[in-house]
Visitor: 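Below is the structure I would like to discuss, written out as structure tokens.
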Amino acid sequence: MPLALAACKKGWNVLELSGLTMGTGYSIVAVDHTRNIDRAELSAAVDASFSDVIAQMSNWDAGSELSRFNAHRSTDAFTVSPELARVLKAAQDVHDGSDGRFDVTVGPLLDLWGFGAGSTRRDAPGDAEIADALACCGQGRSLEVQGAALRKLRPETEIYVSAIGKGHGIDRVAQTLADFGLTDYMVEVGGDLYTAGRNPDGQPWQIGIETPDAHDRGVMQVVSLSGMGMATSGDYRNFFEQDGVRYSHILDATTGRPVTHNTTSVTVMTDSAMLADAWATALLVLGRDRGLEIANDRDMAVLFLERGDAAGDVVTTASDRFTSLQA
């Protein structure tokens, strides 16, 4: 009610949309300064944008472009849409820039460890099983992106874009809002987001970074965000324990095993939600020490959260760019 009253008083409308997409929820808040945008028309355009992304990049839709590529057991070139090619080119760039830690071919490892779609396993696999799964992975030796064509270097290669596709979907919807003439909005999908302009109160968007606790959805820190994408990757929601050892779903593609460092959450703010999504995953796999080096070398705004020595303690480390943006 206060938000609606403020909007009416200032002479603009606040448009709010929400729903389900890509296996999670989404929410959109946009300021309509003209008061002329039809909410139903905007909602239909947003749904169409999400549907396009799913039709191109879903691993769960057997008819999607990506699923058809995965089923293509050949090393012949496979022509894809410009959007899918763009996402996989970005994935390759992040792979190269992250010492190979970001990898879209780790599906066999996720399945092996029980973190894939429909997996129920909750025990650590043996060394031989890990070695077999690793042999089926490896983005650098499995996939080539050549303009609008993909080529498998091994016919059995399959790719999964869940760690970058959601961010791309956010960017697509943000562009849809911009096409309607909106300049002040926030698009959020499953906790990742993109913001433009100002919030309905005329201030930069205020975004909370979650406390890295499986049982507490509190806010660790609030950041100001405008004209940037933001994504957080954490290891504290999806994991299992065996014989006192904790195994998270954050897998290192170079070892075939869950990471063992103390970095529990990484938040990235950058020009697009797609790159924020991918780099948050890549830097979490790398951990704070190497991740911070890369973040500063690339002038990325990144916040690392680590488990402290005492139970419940959290240590924060920010990149130079993150500190300057929040100053």
Visitor: Y236 and E210: side-chain donor and acceptor closer than 3.5 Å?
Guide: yes
Visitor: Are C137 and P108 close enough that some pair of their side-chain heavy atoms sits under 4.5 Å apart?
Guide: yes
Visitor: Just grab all the side chain to side chain donor-acceptor pair (under 3.5 Å) pairs involving residues 265-276, residues at least two apart or on different chains.
Guide: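 Sorted result for residues 265-276: T232-T267.
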Visitor: Which heavy-atom pair separates W205 from P200 by the least distance, and what is that distance?
Guide: CH2-CD, 3.9 Å
Visitor: Are Y26 and M186 connected, step by step, through hydrophobic side chains (Ile, Leu, Val, Met, Phe, Trp, Tyr) whose heavy atoms are closer than 4.5 Å?
Guide: no
Visitor: I need the D277 CG to D171 CG distance, nearest 0.5 Å.
Guide: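 It comes to 9.5 Å.
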Visitor: Looking only at side chains, do D96 and Q92 share a donor and an acceptor under 3.5 Å apart?
Guide: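 D96 vs Q92: donor-acceptor pair found between side chains.
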Visitor: Which pair of non-hydrogen atoms, one from S324 and one from R321, has the smallest distance, and what is that distance?
Guide: OG-O, 2.8 Å
Visitor: Dump the intermediate steps for side chain to side chain contact (heavy atoms under 4.5 Å, CB included) on R237 and H249, then the final yes or no.
Guide: CA-CA 9 Å; R237 297 253 178 245; H249 76 294; over 6 Å; no
Visitor: Going from CG on D38 to OG on S43, what distance comes out if it is rounded to the nearest 0.5 angstrom?
Guide: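 Reported value, rounded in 0.5 Å steps: 10.0 Å.
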Visitor: Can you check whether D252 reaches R257 side chain to side chain, under 4.5 Å on heavy atoms?
Guide: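 SC-SC contact between D252 and R257 ruled out.
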Visitor: Is the shortest heavy-atom distance from the side chain of I54 to the side chain of S64 under 4.5 Å?
Guide: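 Not touching, per the 4.5 Å side-chain cut-off.
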Visitor: Hydrophobic clusters here meaning ILVMFWY residues chained together by side-chain heavy-atom distances under 4.5 Å, can you tell me if L177 and I37 are in one?
Guide: yes
Visitor: Looking only at the aromatic ring of each residue, does the gap between the centers of F102 and H95 stay below 6.0 angstrom?
Guide: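 That pair fails the under 6.0 Å test.
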Visitor: With distance as the sole criterion, is a donor-acceptor pair present between the side chains of E65 and Q56 under 3.5 Å?
Guide: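 Distance-only check fails for E65 and Q56.
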Visitor: If I compare all heavy atoms of V268 with all of A276, which pair ends up nearest, and what's the gap?
Guide: O-CB, 3.6 Å
Visitor: Looking at T75, is its backbone amide N or carbonyl O close enough to the side chain of K152 to form a donor-acceptor pair, meaning the two atoms are under 3.5 Å apart?
Guide: no
Visitor: Please report the C-alpha distance between L17 and L42 in whole Å, then the side-chain angles of each, then the deciding distance to 0.1 Å, and finally whether the side chain to side chain contact (heavy atoms under 4.5 Å, CB included) criterion is met.
Guide: CA-CA 9 Å; L17 305 173; L42 179 65; 4.1 Å; yes
Visitor: Is the shortest heavy-atom distance from the side chain of N59 to the side chain of Y160 under 4.5 Å?
Guide: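 Yes, side chains in contact.
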Visitor: Do the ring planes of W12 and H33 sit parallel (below 30°), tilted (30 to 60°) or perpendicular (above 60°)?
Guide: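 Aromatic pair W12/H33 classed perpendicular.
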Visitor: Using 4.0 Å as the upper bound for N to carboxylate O, is an ion pair formed by D103 and R101?
Guide: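 So R101 does not pair with D103 through a salt bridge.
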Visitor: Does CG in D313 sit with more than 12 non-hydrogen atoms of other residues, nucleotides or ligands closer than 6.0 Å?
Guide: yes
Visitor: Return yes if a side-chain donor-acceptor contact under 3.5 Å exists between H72 and R68, otherwise no.
Guide: no
Visitor: Just to verify, which of V223, I170, T195 counts as forming a side-chain contact (heavy atoms from CB on, under 4.5 Å) with M230?
Guide: V223
Visitor: L303 versus Q221: any side-chain heavy-atom pair under 4.5 Å?
Guide: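 Contact flag for L303/Q221 side chains = yes.
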Visitor: Could you tell me whether a side-chain N or O of S233 sits under 3.5 Å from a main-chain N or O of V266, the two making a donor and an acceptor?
Guide: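 Such a contact is absent between S233 side chain and V266 backbone.
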Visitor: Atom CZ of R86 and atom CE of M274: how far apart are they, to the nearest 0.5 Å?
Guide: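 These two atoms lie 7.5 Å from each other.
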Visitor: Share the residues that join I130 in a hydrophobic cluster, the rule being Ile, Leu, Val, Met, Phe, Trp or Tyr side chains under 4.5 Å apart at the heavy-atom level.
Guide: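 Besides I130, the cluster holds V106, L109, L110, L112, W113, F115, L134, F240, V245, Y247, L251.
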Visitor: Examine distances only and state if a side-chain atom of S49 and a backbone atom of A45 form a donor-acceptor pair shorter than 3.5 Å.
Guide: yes
Visitor: I would like to know whether T264 and E306 meet side-chain hydrogen bond (donor to acceptor under 3.5 Å, both in side chains); could you show each step before the answer?
Guide: CA-CA 5 Å; T264 184; E306 290 183 285; over 6 Å; no
Visitor: Please identify each residue that fulfils salt bridge (charged side-chain N to carboxylate O under 4.0 Å, His left out) with R39, with sequence neighbours left out.
Guide: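 So R39 forms no salt bridge (charged side-chain N to carboxylate O under 4.0 Å, His left out) with any residue.
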Visitor: Can you check whether S58's main-chain N or O pairs, donor with acceptor, with S67's side chain at less than 3.5 Å?
Guide: yes
Visitor: Is there side-chain contact between Q326 and M269, with at least one heavy-atom pair below 4.5 Å?
Guide: yes
Visitor: Give a yes-or-no answer on whether the side chains of S27 and E16 include a donor-acceptor pair shorter than 3.5 Å.
Guide: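 Not at all, the side chains of S27 and E16 share no donor-acceptor pair under 3.5 Å.
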Visitor: Taking F322 as the starting point, is it possible to reach L305 by hopping between hydrophobic residues whose side chains are less than 4.5 Å apart?
Guide: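 Same cluster.
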Visitor: Between the side chain of Y185 and the main-chain N/O of A174, is any donor-acceptor distance below 3.5 Å?
Guide: yes
Visitor: Counting only N and O atoms by type, is there a donor-acceptor contact under 3.5 Å from the side chain of H261 to the main-chain atoms of V285?
Guide: yes
Visitor: Could you tell me whether a side-chain N or O of R198 sits under 3.5 Å from a main-chain N or O of D184, the two making a donor and an acceptor?
Guide: no
Visitor: What is the minimum heavy-atom distance between V94 and A278, and which atoms define it?
Guide: CG2-CB, 4.0 Å
Visitor: Is M22 linked to L193 within one hydrophobic cluster, defined over Ile, Leu, Val, Met, Phe, Trp and Tyr using a side-chain heavy-atom separation of less than 4.5 Å?
Guide: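 Not linked; separate clusters.
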Visitor: Is the backbone of G126 close enough, under 3.5 Å, to the side chain of E129 for a donor and an acceptor to pair up by distance?
Guide: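 Looks like yes, one N/O pair under 3.5 Å.
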Visitor: For M220 and T316, what are the C-alpha separation, side-chain angles and deciding distance, and is it a side chain to side chain contact (heavy atoms under 4.5 Å, CB included)?
Guide: CA-CA 10 Å; M220 185 81 189; T316 65; 3.9 Å; yes
Visitor: Measure from the side-chain N and O atoms of T263 to the backbone N and O of R288, and report whether any donor-acceptor pair falls under 3.5 Å.
Guide: yes
Visitor: Which atoms form the tightest heavy-atom contact between I294 and D99, and what is the distance?
Guide: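 Closest heavy-atom pair between I294 and D99: CD1-OD2, 4.4 Å.
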Visitor: Any side-chain heavy atom of F50 sitting closer than 4.5 Å to one from R172?
Guide: no
Visitor: Should the pair E158-R73 be classified as a salt bridge under the 4.0 Å nitrogen-to-oxygen rule?
Guide: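 A salt bridge links E158 with R73.
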Visitor: When you measure from the side chain of D201 to the backbone of Q203, do you find a donor-acceptor pair of N or O atoms at a distance under 3.5 Å?
Guide: no
Visitor: How close do S224 and P204 get, counting heavy atoms only, and between which atoms?
Guide: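 Closest pair (atom of S224, atom of P204, distance): CB-CB, 4.2 Å.
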Visitor: With a 4.5 Å heavy-atom cut-off, do I207 and V222 have their side chains touching?
Guide: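 Of all side-chain heavy-atom pairs linking V222 with I207, none is under 4.5 Å.
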Visitor: Between CG of L284 and OG of S98, what distance do you get to the nearest 0.5 Å?
Guide: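 One gets 12.0 Å once the value is rounded to the nearest 0.5 Å.
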Visitor: Flag yes if L182 and V189 sit in one hydrophobic cluster, no otherwise; membership is Ile, Leu, Val, Met, Phe, Trp, Tyr, and two members link when side-chain heavy atoms are under 4.5 Å apart.
Guide: yes
Visitor: Once rounded to the nearest 0.5 Å, what's the spacing between atom CD1 of I164 and atom CH2 of W279?
Guide: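 Answer for the CD1-CH2 pair, I164 versus W279, is 10.5 Å.
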Visitor: Side chain to side chain contact (heavy atoms under 4.5 Å, CB included) for R246 and D235? Distances and angles first, verdict last.
Guide: CA-CA 10 Å; R246 185 176 183 277; D235 71 351; 3.5 Å; yes
Visitor: Out of curiosity, L292 CG to L283 CG, how far, rounded to the nearest 0.5 Å?
Guide: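 That separation rounds to 9.5 Å.
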